[in-house]
Number of protein chains: 2
Amino acid sequence: MRVVKEAEERRNEILDAADELFNQKGFDGTSTNDILEKVGIARGTLYYHFKSKEDIMDALIERYNVRILGAAREVAADKSIPVTERIIRVIMAIQISGGSNKEIMEHIHKPSNALMHQKIQKVIINGITPILAGIICEGIEQGLFHTPFPYECMEMIIAYANAVFDDDMVDLTTEERASRIQAYIFNTERLLGAESGSLMSIMQLFGSGTGSSSPESSHDFACKTD
Amino acid sequence: MRVVKEAEERRNEILDAADELFNQKGFDGTSTNDILEKVGIARGTLYYHFKSKEDIMDALIERYNVRILGAAREVAADKSIPVTERIIRVIMAIQISGGSNKEIMEHIHKPSNALMHQKIQKVIINGITPILAGIICEGIEQGLFHTPFPYECMEMIIAYANAVFDDDMVDLTTEERASRIQAYIFNTERLLGAESGSLMSIMQLFGSGTGSSSPESSHDFACKTD
DNA sequence: ATAATACCGACAGACAGTCGGTCGGTAACA
DNA sequence: TGTTACCGACCGACTGTCTGTCGGTATTAT
């Protein structure tokens with residue numbers, strides 16, 4: 001008893017199912033059989049709509065891309081919001097997209113699968129950086145920031161945050177994480193040529209519990225003075 | 001007609017073969033059959049020595065790790081070399097290990113496979129950063145650098161370089177690459193609180209052809225002034 | 001001779017993708 | 001109106017590849 005649906009509708013059904021499964025089991029841990037069973041279709045149907053498993057992943061990432069960049073651009077364009085606040089909101093747009101999808105986005109950042117993870121990173125770095133760099137340019141005009149390389153600064157800031165805070169690239173204890181956050185903000189100020197202490201509001205991006213104290217490296221790397 | 005060899009010797013044969021194949025075809029594109037055929041052993045032999053294909057990759061990465069970090073530590077410990085030169089040599093140790101392995105190392109950085117690539121990145125960032133941070137601390141004592149976060153600075157510098165210059169994370173034209181290098185050096189100076197222009201020697205890490213001119217963002221992102 | 005280690009190759013199961021065939025919906029035609 | 005042809009969506013058995021397993025064998029050292 002076959003059921004015929006519009007191609008667009010079926011494609012989205014497949015993507016919705018894949019979305020859920022990739023979050024639960026990761027890309028590698030999800031078989032095409034898992035996906036087609038969840039949708040309730042046959043193998044041939046799946047491959048009628050997508051040419052490969054990786055094609056499904058790419059379509060899913062593209063769906064997120066459109067959503068994320070759309071949200072980020074809206075925020076960035078709202079000149080009534082102060083520059084710093086806009087930066088924060090754009091970055092938040094990466095983490096929260098469409099309200100009820102928060103948990104989904106968080107899981108997709110987990111190293112469920114390196115390939116998928118890499119592709120998402122690529123989308124974020126190449127997509128979000130120009131938007132943020134645009135905002136930095138406004139800050140430069142307002143005298144908030146001083147750098148001849150707004151784009152490259154934001155690229156560095158985003159790429160690093162991605163590697164250290166969102167990846168499992170660097171294993172951090174709670175203390176180490178707090179220290180990293182402080183250093184991150186300090187270094188962001190330096191890179192952007194912003195006044196010391198002027199970007200502390202970025203801290204809210206990392207949730208609470210990171211207090212605020214004088215700059216100091218609490219990594220096992222305070223320079224030895226012996 | 002079976003041939004018996006010492007476990008250590010056989011393990012290295014397998015790793016040598018895997019090394020070559022992973023470079024040629026990537027991890028995903030290399031099957032265990034490829035490896036065992038190249039060595040001239042049976043399936044069961046391969047799995048006698050390694051518990052999985054990923055175990056082979058991990059052993060190979062660990063082999064490189066030991067080699068790379070060893071070379072880096074030697075350089076870092078040579079206090080007769082100026083601080084800046086030592087930084088350069090340590091970074092070069094990542095790219096050139098054991099002379100004749102240069103090409104191999106370069107290929108292993110290619111995105112032959114995301115998982116392997118991710119694991120190598122992790123090793124580099126977590127392994128090299130403390131070594132470099134140690135050197136930075138010496139520079140701080142000598143008044144060359146001024147930062148309360150030597151470790152985090154180097155982490156950011158390494159992580160970013162990895163993402164942009166070694167990954168295919170960001171697609172760069174030759175011009176864009178040159179611009180990125182300039183920005184990278186400029187930003188490195190800022191992060192480390194180094195005197196402007198004092199780290200231009202880092203440029204040699206990127207090969208020739210990057211000239212030298214005044215700081216300017218040649219990304220399509222010079223801030224619009226209208 | 002015995003025990004431990006290294007080695008062998010047939011096999012099983014999982015998986016992504018293929019391919020010949022079917023079916024529902026629609027347009028064209030008599 | 002009924003029939004036919006066509007198209008796109010769908011079906012499921014099958015294929016080939018791959019990783020890892022396991023019962024068995026050969027070699028070496030004692």
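So you know, we letter chains A, B, ... as the sequences are listed, proteins then strands, and number each from 1.
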**Q** For B:Leu115 and D:dT19, what is the distance between atoms CG and P respectively, to the nearest whole Å?
**A**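 In whole Å, D:dT19 P and B:Leu115 CG are 14 Å from each other.
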**Q** Could you check how far CD1 of A:Ile41 sits from C1' of D:dG8, rounded to whole Å?
**A**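 Taking atom C1' of D:dG8 as the reference, CD1 of A:Ile41 is at 15 Å.
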**Q** Using OP1 and OP2 only, check whether a side-chain N or O of B:Arg2 sits under 4.0 Å from C:dA6.
**A** no
**Q** Can you tell me if A:Thr147 and A:Glu152 form a side-chain donor-acceptor pair at under 3.5 Å?
**A**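 Per modelled atom types, A:Thr147 and A:Glu152 side chains form no pair under 3.5 Å.
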**Q** Do B:Asp34 and B:Ser31 have side-chain atoms, one donor and one acceptor, less than 3.5 Å apart?
**A**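 On atom types as modelled, these side chains qualify, holding a pair under 3.5 Å.
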**Q** Without swapping roles, check the side chain of B:Gln204 against the backbone of B:Ser201 for a donor-acceptor pair under 3.5 Å.
**A** yes
**Q** Under 4.0 Å, heavy atom to any atom of DNA chain D: which of residues 49-57 of chain A qualify?
**A**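 Residues of residues 49-57 of chain A under 4.0 Å from DNA chain D: A:His49.
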**Q** Can you tell me how far P of C:dA14 sits from NZ of A:Lys25, to the nearest Å?
**A** 13 Å
**Q** Distance check needed: C:dG25 P versus A:Glu6 CD, whole Å only.
**A** 13 Å
**Q** For B:Thr30 and A:Val4, take the nucleotide of DNA chain D holding the closest heavy atom to each; which residue's nucleotide lies nearer the 5' end?
**A**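 Here A:Val4 is the residue nearer the 5' end.
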**Q** So, is B:Tyr47 close to the D:dG20 phosphate, meaning a side-chain N or O under 4.0 Å from OP1 or OP2?
**A**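 It does, given that an N or O in the side chain of B:Tyr47 lies less than 4.0 Å from OP1 or OP2 of D:dG20.
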**Q** Report yes or no: is the cationic atom of B:Arg67 (NZ for Lys, CZ for Arg) under 6.0 Å from the centre of the six-membered ring of B:Tyr64, at an angle within 45° of the ring normal?
**A**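 Satisfied, under 6.0 Å and within 45°.
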**Q** Between C1' on C:dG9 and OH on B:Tyr48, what's the gap in Å once rounded to a whole number?
**A** 18 Å
**Q** Just to be sure I understand the geometry, which residues of residues 31-38 of chain B put a non-hydrogen atom under 4.0 Å away from DNA chain D?
**A** B:Ser31, B:Thr32
**Q** OP1, OP2 of C:dT18 versus side-chain N and O of A:Arg43: anything below 4.0 Å?
**A** no
**Q** Without decimals, in angstroms, what is the distance between B:Leu46 CG and D:dT21 P?
**A** 12 Å
**Q** To the nearest Å, give me how far apart CD1 (B:Ile14) and C1' (D:dT19) are.
**A**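 The answer, rounded to whole Å, is 15 Å.
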**Q** Hey, is B:Arg63 close enough to B:Asp16 for a salt bridge, meaning N to O under 4.0 Å?
**A**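 So B:Arg63 pairs with B:Asp16 through a salt bridge.
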**Q** Is the backbone of A:Leu15 close enough, under 3.5 Å, to the side chain of A:Asp19 for a donor and an acceptor to pair up by distance?
**A** no
**Q** Look up atom CZ in B:Arg43 and atom OG1 in B:Thr32, then write down how far apart they are to the nearest 0.5 Å.
**A**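 So the gap between those two atoms works out to 4.0 Å.
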**Q** With side chains defined as the heavy atoms from C-beta onward, is the minimum distance between B:Leu192 and B:Ile136 less than 4.5 Å?
**A**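 When only atoms from C-beta onward are counted, B:Ile136 and B:Leu192 do touch, with a gap below 4.5 Å.
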**Q** Could you state the atom-to-atom distance from CZ of B:Phe27 to C1' of D:dC18 in whole Å?
**A**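 Going from CZ in B:Phe27 over to C1' in D:dC18 covers 12 Å.
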**Q** Could you tell me whether the side chain of B:Tyr160 and the main chain of A:Ile157 form a donor-acceptor pair under 3.5 Å?
**A** no
